[in-house]
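Step one of this worksheet: look at the structure below.
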Amino acid sequence: MTLPSVLENATTSIGEEKSDKDLRILEQQVHQKLTTFSSGKSKCNSDGNMASQLTYSTESDRNVLPLRPIFKDYAWGIRGLDSRVARYALESGIIDEVDPDTPYAELWMGTHPSGPTTLRDGTTLEEAVGGPLPFLFKVLSAGKALSIQAHPCKAGAQKLHLENPANYVDDNHKPELAVALTPFEAMCGFRRLEEIAILIKKHPEFAACISNEAKLAVFLANRDEDSKKSALRALFQSFMSCPKETSSRQLKRLLKRLQKEQSCDHVHPHEEPPWERKCARAILRLAQQFPGDAGAMAPFFLNYLLIAPGESFYMAANEPHAYVAGEIIECMACSDNVVRAGLTPKFKDVDNLVNMLTYSMGGPTINAGTPAYGDDRIMRYTPPTGEFEVMVITCNPGEDITLPLLPVPSVFIVIEGSGNTDNEDGQRLVMRPGRSYYIPAKCPPLTLAVNEKKRGPLKIALAHENMHKDDPTLASAADVGSKEWSGEFALPLEVRSVTSSAPNTPMSSPRVKMNGAAMAAATSGAYDVPKL
């Protein structure tokens with residue numbers, strides 16, 4: 001069928017009732033003929049300049065191809081147009097309208113069987129690549145907290161998948177990297193044991209959910225890492241195994257007290273240490289989202305972090321975390337395995353979670369990216385794993401920037417602004433927030449450009465197999481080690497070592513002066529048991 005005949009059929013079909021299948025077939029015919037027509041015009045352009053036609057073919061490994069991602073409507077997603085995932089899904093054409101009552105939680109770009117991305121003509125991304133991608137690229141819009149969770153290592157994932165394939169759908173590990181698009185709240189990694197000891201003393205309701213043996217293990221732990229990890233495991237296991245009637249009763253008491261303390265008749269907010277206010281308000285917020293769930297007390301043992309836009313962190317396998325609110329770009333190994341233990345109505349697997357964690361203390365490194373390829377407009381976020389890394393590329397008004405030539409397949413999504421592209425094959429692509437594209441390995445690099453009259457930059461996020469594994473910019477809590485992490489609130493050395501000297505609020509206490517004998521006792525790692 002010639003181009004004129006296709007256009008004539010399309011014109012006469014306007015106003016006729018057509019099934020969705022018929023309309024899709026008609027759209028594909030018009031698209032194919034326009035592409036062929038454009039390709040012909042491009043080939044006739046022999047003056048040496050880049051052609052201005054939109055030209056791409058799914059059969060060519062020199063063409064950047066538009067993608068149709070998959071969105072997930074998990075209950076924790078942001079609803080309606082407030083969700084970046086919803087707006088991106090609408091722009092990419094995978095939905096016709098945004099339902100104000102639907103939680104748009106995740107946008108997937110990858111080859112995972114639970115949400116395979118396709119090209120515009122229906123070809124799967126895996127077919128276009130010639131095999132599965134080693135990574136899964138996502139946009140997350142979290143309106144409320146995700147579950148307390150961790151992702152298994154490879155050996156653990158294989159074991160879980162073999163024993164329970166219904167809940168663990170693949171046998172791959174799932175380390176993940178997150179880059180904040182908005183201010184982002186997250187609980188990441190265990191607090192230092194010294195911090196938890198203070199919180200046990202300050203909050204009797206939390207202490208009542210932990211066995212006496214586990215509390216003694218926390219207070220009597222030596223300074224060596226193995227002793228601390230053993231005590232932390234005993235505490236976490238005891239808390240997660242607390243009978244529901246006990247934890248629910250203590251949670252109600254805790255909420256009642258915290259609400260009173262946060263009311264106007266309590267101490268002035270500026271007289272209360274910031275870490276205490278943040279911890280209390282986080283618990284109140286989580287308890288409102290998940291009534292009766294003892295997981296609302298998670299800020300007592302997990303670091304509660306606020307990540308600024310452009311900052312990133314990395315969660316390795318077997319590290320506990322729970323995202324709370326905000327929007328991020330997320331990249332991970334191609335897996336969908338999650339071991340959950342709280343703050344969720346989904347399947348909880350407390351025993352496996354307790355057994356799999358590393359019990360490293362402190363949080364992950366927070367990193368704002370590292371300039372790459374000699375251009376500070378290209379920021380790379382590189383984890384210590386081989387499956388993936390992410391680049392965020394910014395093109396300001398009146399500028400242009402050429403993407404690096406990559407020897408591996410990559411995927412990118414426009415996250416902000418608008419502009420145009422070109423390359424040596426004359427590809428002009430639409431750059432609008434939410435449009436996503438696949439770049440084959442060794443494809444001629446695109447040049448992004450933004451009109452000088454635009455008021456803001458064009459930003460894209462690009463994911464590919466890790467090309468800088470030997471030079472990571474990010475590390476997990478296990479890699480950082482508790483010695484390098486000062487904790488969410490830093491305690492003086494003598495207070496950390498001699499907990500009997502620890503005040504109720506570490507930020508408001510004077511530094512303790514120690515003589516030689518006291519210092520020797522502090523460095524030995526022994527300290528008295530605080531009174532509960």
Side-chain angles (χ1 to χ4, degrees), residues 1 3 6-7 9-10 13-14 18-42 51-72 85-98 106-113 115-133 136-139 403 409-415 418-423 425-441 443-444 446 448 460-464:
M1 186 178 290
L3 176 63
V6 170
L7 293 177
N9 289 342
S13 296
I14 296 176
K18 293 281 186 181
S19 68
D20 290 342
K21 181 178 180 180
D22 292 337
L23 290 175
R24 283 196 298 270
I25 293 173
L26 187 61
E27 180 184 8
Q28 290 174 7
Q29 289 177 343
V30 173
H31 169 73
Q32 290 170 357
K33 288 301 176 181
L34 285 175
T35 300
T36 304
F37 179 69
S38 298
S39 300
K41 291 190 67 176
S42 176
S52 61
Q53 300 296 326
L54 170 61
T55 57
Y56 59 85
S57 169
T58 58
E59 297 178 358
S60 172
D61 59 1
R62 294 177 57 85
N63 288 171
V64 179
L65 305 175
L67 295 177
R68 293 177 61 86
I70 298 294
F71 87 91
K72 302 288 186 177
V85 168
R87 300 194 299 273
Y88 286 3
L90 188 65
E91 177 63 36
S92 63
I94 60 174
I95 59 174
D96 296 325
E97 60 181 4
V98 175
E106 294 186 353
L107 193 74
W108 288 23
M109 293 158 282
T111 58
H112 194 278
T117 297
T118 62
L119 307 183
R120 293 287 177 86
D121 64 356
T123 303
T124 66
L125 179 57
E126 183 169 353
E127 292 172 336
V129 175
L133 289 173
L136 178 58
F137 201 26
K138 296 183 182 180
V139 178
L403 304 186
S410 59
V411 171
F412 77 86
I413 185 168
V414 182
I415 56 177
S418 61
N420 57 69
T421 71
D422 215 334
N423 66 4
D425 284 0
Q427 280 200 274
R428 294 291 180 91
L429 303 172
V430 176
M431 294 287 108
R432 288 172 52 87
R435 296 290 181 106
S436 56
Y437 297 90
Y438 159 61
I439 304 178
C443 176
L446 287 175
L448 310 180
I460 70 169
L462 186 148
H464 57 81

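Note that the structure is a prediction, hence the values are computed from the model and not measured.
Taking every heavy atom of both residues into account, Thr111 and Pro132 meet most closely at OG1-CA, 3.4 Å. When every heavy atom of Pro116 is checked against every heavy atom of Ile70, the shortest pair comes out as O-CG1, 3.4 Å. Pairing each heavy atom of Arg68 with each of Thr117, the nearest pair is O-CG2, 3.4 Å. In terms of heavy atoms, Leu133 sits closest to Pro409 at CD2-CB, 4.0 Å. Residues Tyr437 and Val64 share a closest heavy-atom pair of CB-CG1, 3.7 Å. Here the closest heavy-atom approach between residue Phe137 and residue Val411 is recorded as CE2-O, 3.9 Å.
One distance of note links CG of Asn423 with CG of Leu429; it measures 7.5 Å at 0.5 Å rounding. Once rounded to the nearest 0.5 Å, the distance linking CG of Leu90 with CG of Asp96 reads 8.5 Å. The distance from atom CZ of Arg435 to atom CG of Leu67, rounded to the nearest 0.5 Å, is 11.5 Å. Rounding to the nearest 0.5 Å gives a distance of 5.0 Å between OG1 of Thr421 and CE of Met431. For the atom pair OG (Ser436) and CG (Leu107), the distance works out to 7.0 Å, reported to the nearest 0.5 Å. Put simply, CG on Asp425 and CZ on Arg62 are 4.0 Å apart, with the number rounded to the nearest 0.5 Å.
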| query | Taking it one step at a time, do Thr118 and Glu127 satisfy side-chain contact (heavy atoms from CB on, under 4.5 Å)? | reply | CA-CA 9 Å; Thr118 62; Glu127 292 172 336; over 6 Å; no

| said: Between Leu65 and Thr123, does the side-chain contact (heavy atoms from CB on, under 4.5 Å) criterion hold? Intermediate values first, please. | reply: CA-CA 11 Å; Leu65 305 175; Thr123 303; over 6 Å; no

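In this view, Glu106 and Trp108, Lys138 satisfy the side-chain hydrogen bond (donor to acceptor under 3.5 Å, both in side chains) rule, not counting sequence neighbours. Partners of Arg432 according to the salt bridge (charged side-chain N to carboxylate O under 4.0 Å, His left out) rule, which considers only residues two or more places apart in sequence or in another chain, are Glu91. For Tyr88, the side-chain hydrogen bond (donor to acceptor under 3.5 Å, both in side chains) test picks out Arg84, with sequence neighbours left out.
For the side-chain contact (heavy atoms from CB on, under 4.5 Å) with Ile460, the qualifying choice from Ile415, Ile413, Leu448, Leu446 is Leu448, the only one to do so.
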